[in-house]
Visitor: 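Mind looking over this structure? Questions follow.
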Amino acid sequence: MRLQGVSVEAFAKINLGLAVTAARPDGYHDIETVFQSVSLSDTLALTPLESSSGVSLRVHGLSVPDGPDNLAWRAAEAAVAEFGCPGVSIDLTKRIPVAAGLGGGSADAAAVLVGADALFAIGAPRETLLDVAAALGSDVPFMLSGGTALGTGRGESLERLPALSGVWFVLVTPRFAVSAGDAYRMARIGLTEALSFTRVNCLAVREGDIPTLAKGLRNDLEAGVLSAYPEVARVKETLIAEGALAAVMSGSGPTVVGLVKDEPAGQSMLTRLAGRGWDIHVVAPIDVGQRVTPIENEPVG
Ligand code: ATP
């Protein structure tokens, strides 16, 4: 039997609080954040490129580059270089809003690494996957394992936390992009209580204490983005007015995450928020970064 391809479901992430603790000499920032995978995904179908060690990419759905600027493409090149595997053909169905603070590009990159590892039965050591992931982007190491984790450093130092349950999320994305670079330039850095609020979030996640988690949610990138983009402030106010337990911007925005108690509460909020020109997704926490399934097996010979 021969594996023809793999289909990888690549889950988006949200940030349940984000503290910017310091500017680093390398131009990046040190952060503390609780990453959470959610049930909104892109799908990547990976098949071997028999005749070459190159990469081929087709994109369906939302618009993203279909060449070497795509993180999925770069991840495939890294897989070929690091694993010595054949080239990969990728069919990417893009559903995660782009440049929205949901880590879509990073999710796709991690999906290609994990997918290529499965497709070619490479069995790459975890450390190798993590090193390759970190070179592709700060959020890519988290996306390999997904679930719930405390991220420190640039976000690449990870400590797994217990799976979160008893809460759903309404993701509201205004239809414009915010560049992560701009969001960090506008950030208020090194707030004195930054460390304590992520610690409160972590403790609340460990204890499954949703009310305390909701109360402690803050994002140091939020104030700058809210004042530069008043529409994001309107999204946040609307989520609170409509009964969200809390509302906080994810990553560098502009997506704002509203916490709700269950799926019906999320669907009812979606109905009330429809027609305002925002993209809305009702999602659950997920305890993995991606799901890989074989596309097809066919007998050899
Ligand atoms: P982060 O929170 O990690 O900054 P994000 O969700 O805000 O991520 P992405 O959706 O990953 O942002 O997109 C950021 C930029 O990367 C966009 O300008 C986009 O064109 C580019 N990009 C490259 N490859 C991809 C991809 N596979 N999916 C989405 N964006 C991609």
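These numbers come from a predicted model, not from an experiment. Counting convention: from 1, in listed order, for ligands and their atoms alike. For reference, positions follow the sequence shown, starting with 1.
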Visitor: Using atom types as modelled and distance alone, determine if a side-chain donor or acceptor of N219 lies under 3.5 Å from a backbone N or O of V248.
Guide: no
Visitor: D108 heavy atoms, cut-off 4.0 Å: which ligand 1 atoms fall inside?
Guide: 26 (C), 27 (N), 28 (N)
Visitor: Please step through side chain to side chain donor-acceptor pair (under 3.5 Å) for the pair E32 and T152, ending with a clear verdict.
Guide: CA-CA 5 Å; E32 286 205 1; T152 54; over 6 Å; no
Visitor: Counting from 1, what ligand 1 atoms have a heavy atom of S106 closer than 4.0 Å?
Guide: 3 (O)
Visitor: Please report whether ligand 1 has a polar contact with L92, defined as an N or O pair separated by less than 3.5 Å (distance criterion only).
Guide: no
Visitor: Using protein heavy atoms only, decide if any is under 4.0 Å from atom 21 (C) of ligand 1.
Guide: no
Visitor: Taking everything shown except F83 itself, do over 12 heavy atoms lie less than 6.0 Å from its CZ?
Guide: yes
Visitor: Return the closest protein heavy atom for atom 1 (P) of ligand 1 as residue, atom name and distance.
Guide: D139 OD2, 3.9 Å
Visitor: Judging by distance only, is a nitrogen or oxygen of L71 under 3.5 angstrom from one on ligand 1?
Guide: yes
Visitor: Can you find an N/O atom of A99 closer than 3.5 Å to an N/O atom of ligand 1?
Guide: yes
Visitor: Which residue, E9, Q290, R291, R95, forms the side chain to side chain donor-acceptor pair (under 3.5 Å) with T43?
Guide: R95
Visitor: Quick one: CG on D117 to CG on L46, what's the gap to the nearest 0.5 Å?
Guide: 11.5 Å
Visitor: Working note: I90 + V112, criterion side chain to side chain contact (heavy atoms under 4.5 Å, CB included); need CA distance, chi angles, decisive distance, verdict.
Guide: CA-CA 8 Å; I90 304 166; V112 168; 4.0 Å; yes
Visitor: Please identify which atoms of ligand 1 are closer than 4.0 Å to at least one heavy atom of L102.
Guide: 6 (O)
Visitor: If you count the atoms of ligand 1 from 1 in the order shown, which ones are under 4.0 Å from a heavy atom of G104?
Guide: 6 (O), 10 (O), 11 (O)
Visitor: If I compare all heavy atoms of I96 with all of G104, which pair ends up nearest, and what's the gap?
Guide: CG2-CA, 3.9 Å
Visitor: Please test I210 against L164 for side chain to side chain contact (heavy atoms under 4.5 Å, CB included), starting from the C-alpha separation and ending with a verdict.
Guide: CA-CA 9 Å; I210 302 300; L164 197 61; 4.1 Å; yes
Visitor: Within the 4.0 Å heavy-atom shell around P65, which atoms of ligand 1 are there?
Guide: 20 (O)
Visitor: Does any N or O atom in G101 lie less than 3.5 angstrom from one in ligand 1, N or O only?
Guide: yes
Visitor: What residues, two or more places apart in sequence or in another chain, satisfy side chain to side chain donor-acceptor pair (under 3.5 Å) together with E242?
Guide: R272
Visitor: For atom 4 (O) of ligand 1, what's the nearest protein heavy-atom neighbour? Residue, atom name and distance, please.
Guide: A180 CB, 3.9 Å
Visitor: Between L161 and L150, is a side chain to side chain contact (heavy atoms under 4.5 Å, CB included) present by the stated rule, with each step listed?
Guide: CA-CA 7 Å; L161 296 171; L150 170 67; 4.3 Å; yes
Visitor: Which heavy atom of L136 sits nearest to which heavy atom of A109, and what is that distance?
Guide: CD1-CB, 4.4 Å
Visitor: Quick one: does K94 get within less than 4.0 Å of ligand 1, heavy atoms only?
Guide: yes
Visitor: Using atom types as modelled and distance alone, determine if a side-chain donor or acceptor of D42 lies under 3.5 Å from a backbone N or O of A107.
Guide: no
Visitor: Would you say atom 29 (C) of ligand 1 touches the protein, meaning some protein heavy atom is under 4.0 Å from it?
Guide: yes
Visitor: Please list all pairs meeting salt bridge (charged side-chain N to carboxylate O under 4.0 Å, His left out) that have one or both residues in residues 150-163, counting only residues at least two apart or in different chains.
Guide: E159-R206
Visitor: Identify, for atom 6 (O) of ligand 1, the protein heavy atom at the shortest distance, and state residue, atom and that distance.
Guide: G103 N, 2.7 Å
Visitor: Would G105 count as a contact of ligand 1 if the rule is a heavy atom under 4.0 Å away?
Guide: yes
Visitor: Could you check whether atom 18 (O) of ligand 1 has a protein contact, counting only heavy atoms that fall below 4.0 angstrom?
Guide: no
Visitor: Under 4.0 Å from atom 24 (N) of ligand 1, is there at least one protein heavy atom?
Guide: yes
Visitor: Quick one: nearest non-hydrogen protein atom to atom 2 (O) of ligand 1, plus distance?
Guide: K13 NZ, 3.5 Å
Visitor: Do any nitrogen or oxygen atoms of V64 come within less than 3.5 Å of a nitrogen or oxygen of ligand 1?
Guide: no
Visitor: Out of D69, N70, I96, whose heavy atom sits nearest atom 27 (N) of ligand 1?
Guide: N70
